[in-house]
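Predicted model only: the values in this text are computed from it and were never measured. Scope of the values below: all heavy atoms of this structure, side chains included, with no hydrogens, waters or symmetry mates.
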Amino acid sequence: MVLTEKEKERINRYFNAANYLSVGQLYLKDNPLLKRPLEKKDLKKKVVGHWGTVPTQNFIYTHLNRVIKKYDLNMIYISGPGHGGNAIVSNVYLEGTYHEVYPNISENEEGLKKLFKQFSFPGGISSHVAPETPGSINEGGELGYSLAHAYGAVLDNPDLIAAVVVGDGEAETGPLATSWHCNKLINKETDGVVLPILNLNGYKIANPTILDRIPKKELFNLFDGYGYDPIYLEGKDPMTLHEKMAEALDEVVKKIKQIKSDKTLNTPKWPMIILKTPKGWTGPKMFQGAQIEGTFRAHQVPVPIDQDHMEHVDILENWLKSYHPEQIFNDDGSIKEELRELAPKGNRRMGANPYANGGLLLKELCLPDFRNYKVEVKNHGDIKAQDTKILGNYLEEVIKQNKNFRIFGPDEALSNRLNAVFDATNRQFNGKILDNDEYLSKQGQVIDSFLSEHVCEGMLEGYILTGRHGIFDTYEAFVRIVDSMTSQHAKWLKVCKQLDWRRNISSLNYLLTSHIWQQDHNGYTHQDPGFLNHIVTKKADIARIYLPPDANCLLSTCNHCIKSKNYINVIVASKHPSMQWLSMDEAINHCSKGIGIFNWASNDLGYEPDIVMACCGD
């Protein structure tokens with residue numbers, strides 16, 4: 001037995017506490033301790049949020065706290081299953097981080113009222129995990145990116161464990177389904193560990209999930225084929241499942257330590273957990289003759305109770321009381337000390353881990369003088385050069401001088417003419433490497449052995465959100481695949497600008513090549529400049545577009561972008577031999593202004609011109 005009966009009882013009380021806080025956030029705005037029967041004024045006018053994923057996330061977070069304390073682990077928590085934000089807020093509140101970040105949310109009855117009221121409420125916080133949630137680097141409003149963010153986060157962080165809860169509905173999205181393969185890119189010596197925890201609760205909004213309806217053997221074979229060592233848990237009795245989960249996580253930590261210490265093991269099968277629990281676990285079992293717990297009906301608000309629907313308020317009251325609030329709270333609404341003791345301390349708390357507020361760890365890049373890589377332009381337009389190939393020479397030196405800078409892209413670093421970077425580094429790849437492969441190595445600062453824009457972008461986001469720097473290169477037509485990811489990051493940055501405690505992070509930098517008329521051999525399939533249309537809808541304090549007309553301008557532009565913070569920078573540049581227009585001094589002057597008149601290309605001689613030709617980029 002991993003747990004004594006006393007430990008199991010305390011863990012279950014902590015689990016109940018998280019569930020109580022999560023239900024309270026969903027429904028209540030007053031009377032948080034149920035000191036009197038619930039009345040109309042205690043309930044929200046309109047209840048908006050989700051319940052289905054919440055209890056199992058509370059269960060997982062509670063048990064991760066235990067192993068963090070037992071083994072002194074450096075761990076962050078990434079919530080994948082969409083709108084279960086109340087679960088994470090509840091746990092961050094229980095561990096004490098929430099009050100530290102938001103002193104107005106006090107750890108008493110008055111603070112509980114504010115905590116409950118603000119959730120999914122006008123002027124409050126969203127129903128999903130968001131930048132306002134301490135400990136988060138993954139916004140839950142759109143599914144599919146949690147695992148890629150986690151793998152990006154552990155790159156170059158050998159002591160970090162990123163625990164990722166993957167919803168079985170989320171697992172059906174393209175980005176997530178592809179992200180399971182990121183384990184082929186991880187170097188066990190230099191990188192950290194991703195611990196995927198698949199929450200197999202069986203349902204999406206209104207349908208069953210695929211992974212829950214296939215045979216267990218097929219499920220095991222799937223993840224074994226992906227290269228994982230799955231541990232399967234199933235149950236609905238919390239006391240029984242507490243023991244199973246404690247045993248599983250102790251086994252996970254043991255396996256991770258063995259893999260990390262075994263110098264002969266090159267392609268390990270990392271542990272993962274498949275946790276099958278009822279959707280809406282511990283909530284209402286039935287409502288008006290229909291089953292709730294364990295069905296799709298538990299996905300969002302399981303029972304319609306609000307100010308306009310008070311006829312079933314007794315269900316809510318009994319539901320809340322089933323968690324025994326008298327065993328959770330002191331009379332003043334503070335959490336009982338024996339429960340608070342179960343949470344880790346200081347930065348070991350997942351809500352307070354500095355890797356989840358990457359700006360705390362951000363170190364400035366040591367950059368070479370980009371002017372040293374210039375193209376000599378004596379006469380405008382007299383010579384040709386490949387702009388991105390020149391940029392590659394500069395990025396080679398950036399990589400040499402900085403171990404916290406990476407290039408991400410879908411199999412296109414060479415196609416985009418960044419050839420020179422491979423004189424300084426390799427493509428990181430932990431699969432089978434053949435003698436005739438090029439630039440593949442167990443360690444390298446280029447991630448482009450993965451043909452997925454979603455995954456490469458997601459890994460870059462995880463990398464910069466945990467305090468590092470990077471750039472994403474791809475064809476202009478194919479960057480449309482990550483339009484929505486860019487929007488999500490823009491929203492993240494917008495909110496972070498309003499949060500003093502969120503520190504500045506490196507900008508999300510795009511280098512787009514193979515654009516429009518430079519894709520004639522591919523025809524219309526590769527001719528789509530629409531990403532720029534997408535970006536110009538963003539505010540100027542978030543997103544910037546750069547269209548350098550030649551190599552010297554590209555050098556100046558890239559140097560500027562990779563030094564910047566809290567932006568989305570989009571650079572569109574030529575990779576084919578093209579005219580070089582400006583000397584380096586002229587390029588710097590032009591880029592500093594952002595727009596200008598090329599007098600050397602004009603013949604108006606001080607008069608009103610007959611024709612003005614407006615040009616962008618090449």
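Within a 6.0 Å radius of CG in Asp500, no more than 12 heavy atoms belonging to other residues, nucleotides or ligands are found. For Lys117, the NZ atom is loosely surrounded, since the number of other residues' heavy atoms within 6.0 Å does not exceed 12. Residue Lys46 qualifies as open at atom NZ: its count of foreign heavy atoms under 6.0 Å is 12 or below. Counting non-hydrogen atoms of neighbouring residues, nucleotides and ligands closer than 6.0 angstrom, the CG atom of Asn104 exceeds 12 such neighbours. The environment of NZ in Lys285 is crowded: more than 12 heavy-atom neighbours from other residues, nucleotides or ligands sit within 6.0 Å. In the displayed structure, Lys217 atom NZ is contacted under 6.0 Å by at most 12 heavy atoms of other residues, nucleotides or ligands.
A donor-acceptor pair is defined here as one N or O able to donate and one able to accept, closer than 3.5 Å; no such pair exists between the side chain of Asp30 and the backbone of Lys41. No donor-acceptor pair closer than 3.5 Å links the side chain of Asn357 to the backbone N or O of Ala352. Although no hydrogens or angles enter the test, the distance criterion places a donor-acceptor pair under 3.5 Å between the side chain of Ser120 and the main chain of Val48.
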For residues 286-293, please give each side-chain donor-acceptor pair under 3.5 Å, one per line with the distance, not counting sequence neighbours.
{"residue": "Gln291", "atom": "NE2", "partner": "Glu293", "partner atom": "O", "Å": "2.8"}
{"residue": "Glu293", "atom": "OE2", "partner": "Thr282", "partner atom": "N", "Å": "2.7"}

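Listed by chain and residue number, Asp229, Glu251 satisfy the salt bridge (charged side-chain N to carboxylate O under 4.0 Å, His left out) test with Lys255 (two or more places apart in sequence, or in another chain). The side-chain hydrogen bond (donor to acceptor under 3.5 Å, both in side chains) search around Glu110 returns none, not counting sequence neighbours. Residues forming a salt bridge (charged side-chain N to carboxylate O under 4.0 Å, His left out) with Lys254 (at least two apart in sequence, or on another chain): none. With sequence neighbours left out, Tyr61 forms a side-chain hydrogen bond (donor to acceptor under 3.5 Å, both in side chains) with Glu95. For Glu247, the salt bridge (charged side-chain N to carboxylate O under 4.0 Å, His left out) test picks out no residue, with sequence neighbours left out.
Using a cut-off of 4.0 Å between Lys/Arg side-chain N and Asp/Glu carboxylate O, Arg349 and Glu100 are scored as salt-bridged. Salt-bridge annotation for Asp250 and Arg66: present, with a side-chain N of the basic residue lying under 4.0 Å from a carboxylate O of the acidic one.
Relative orientation of the His83 and His50 rings is parallel, given thresholds of 30° and 60° on the angle between their planes.
Tested against Lys276 for a side chain to side chain donor-acceptor pair (under 3.5 Å), the candidates Asn199, Asp168, Asp212, Thr56 yield a single pass: Asp212.
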